[in-house]
Amino acid sequence: MTSPPPELDSIRDALLGARSVLLTSHAHPDGDSLGSQLALGAALRQLGKQVRIIDCDPAPDLYTFLPDLGTIEIADNVTDRFDAVVVLECSSLDRTGLGGLDERPLINIDHHPGNVMYGTLNWHDESACACAELVSELIDTLGVPLTPAMATQLYVAILTDTGSFRHANITPRTFTICQKIAATGINPTDVASQVYNNGSLGRLRLTGMLLERMQLEHVSHLIPDVTIIHGNRVAVLRLNDAMLAEAGCTPDDIEGIVNIPLAARDVQAVVFFKDTGAAMRVSLRSKGSVDVRQVAVSFGGGGHRNAAGLTIEHPSSETDSLVLSRVAAAITDSEP
Ligand code: 5GP
Ligand code: MN
């Protein structure tokens, strides 16, 4: 394990000195944002702190099994006073979707590239596979032992953010933390089953519909005087409200489906257009050195190199084509 970052001590001292602490994370919570908030919340409560966790969106149904999920409050705005506010998993403050935080001293703990360091204290470590990796180091530094509940929360965060130990940034540190998690006596198989074997039949139907209609795009690779066409490099999935209704699904059921096309050897990137409201949400996934984060950033979104997202406020066939051509360019750029 690398030596602890200097920010960690300042963050520990700030938290130990606080009586009331607010924890928050990003809109559309995922396993990492939920698990990180709940585990840190539990640790701080063990230290006798008054802890509130406030998010702007409710957790997907899938995570109902997480211990203490019901303690997360949902609000658009925070007015109460807190001695410390910890923002987890957010590259910028607007990712929280929460008003009332701008004027406060903030503790920013995140692993997303491009974090804009909006905190008074910032602990930004892109090498972490999940924010929960940082949270678990913080809990250690606070001197709080892991309970089985905290272990479950942290494990869900790491399991989901690494795509079941497949994505980037899995390091010896990841497994050291998982060792401590398993040592609490929780059963990682049961936790994985809750996350992955507990979906609705509608989700299965929707997966079939999306894959049935999947488009495969080619990428042309220009080298001097020669154009090489690489087939089936980009998989395109499209979802609309009618498909959700036909499959009997809610938007929660979509989670994770975007990763499926990566199972094909030829596919280097996935573009998932979700036309289920006023704006178009687009999820991007890729393999290896194909950088879809840059594509997301070019449309005002963000994320990681291999998993990123963006929103198009006024979608059209032109904006769709532009996303696809930038993804194709990201693949071309990644190839020698
Ligand atoms: P997803 O496709 O699962 O919604 O998002 C994939 C990754 O990209 C996650 O790490 C998520 O936090 C990030 N992400 C998704 N949408 C946005 C966005 O609009 N802005 C930023 N900064 N990150 C995003
Ligand atoms: Mn994360």
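Just follow the structure's listing: the first ligand is 1, and inside any ligand the first atom is 1.
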Heavy-atom contact check, 4.0 Å cutoff: does [X] meet ligand 1?
X      : result
Glu255 : no
Arg95  : yes
His28  : no
Arg293 : no

Practice problem: To 10°, measure the OE2(Glu89)-the Mn ion (ligand 2)-OD2(Asp161) angle for me. | Solution: 170°

Exercise. Check the pair Glu217 / Arg233 against side-chain contact (heavy atoms from CB on, under 4.5 Å), numbers first and verdict last.
Key: CA-CA 6 Å; Glu217 302 284 340; Arg233 285 292 200 259; over 6 Å; no

Measure the distance from [atom] to every protein heavy atom, then report the residue, atom name and distance (to 0.1 Å) of the closest one.
atom                    : result
atom 21 (C) of ligand 1 : Gly302 N, 3.2 Å
atom 7 (C) of ligand 1  : Ala307 O, 3.4 Å
atom 9 (C) of ligand 1  : His112 NE2, 4.3 Å

Exercise. With atom 6 (C) of ligand 1 as the reference point, say which of Arg281, His111, Arg285, His304 has the nearest heavy atom.
Key: Arg285

Quiz prompt | Identity of the N, O or S atom of Asp32 lying closest to the Mn ion (ligand 2) | solution = OD2

Practice problem: Could you check which N/O/S atom of His111 is closest to the Mn ion (ligand 2)? | Solution: NE2

For a quick test of your reading: what N or O donor-acceptor pairs under 3.5 Å do the side chains of residues 62-70 make, sequence neighbours left out?
from: Tyr63; atom 1: OH; to: Gly31; atom 2: N; distance (Å): 3.3
from: Thr64; atom 1: OG1; to: Asp61; atom 2: O; distance (Å): 2.5

Quiz item: Between Phe175 and Phe165, what is the ring plane arrangement, given parallel below 30°, perpendicular above 60°, and tilted in between?
Solution: parallel

Quiz item: With a cut-off of 2.8 Å, does any N, O or S atom of His112 fall short of it relative to the Mn ion (ligand 2)?
Solution: no

Residue [X] vicinity, atoms of ligand 1 by number, heavy atom under 4.0 Å:
X      : answer
Gly301 : 18 (C), 19 (O), 20 (N), 21 (C), 22 (N)
Gly303 : 8 (O), 13 (C), 23 (N)
Ser91  : 22 (N)

Self-check item: Pairwise distance CD(Glu89) to CD1(Ile109) - rounded to 0.5 angstrom
Solution: 11.0 Å

Exercise. Taking the side chain as every heavy atom from C-beta outward, state whether Asp333 and Asp291 have any atom pair closer than 4.5 Å.
Key: no

Just by distance, no angles: are the side chains of [X] and [Y] close enough, under 3.5 Å, to form a donor-acceptor pair?
X      : Y      : result
Asn306 : Ser286 : yes
His111 : Asn169 : no
Asn122 : His124 : no

Quiz item: So, for Ala278 and Pro315, which heavy atoms are closest and what is the spacing to 0.1 Å?
Solution: O-CD, 4.2 Å

Practice problem: Mind checking salt bridge (charged side-chain N to carboxylate O under 4.0 Å, His left out) for Arg12 and listing every partner two or more places apart, or none if nothing turns up? | Solution: Asp9

Self-check item: Nitrogen or oxygen atoms of Ser283 and ligand 1 under 3.5 Å apart
Solution: yes

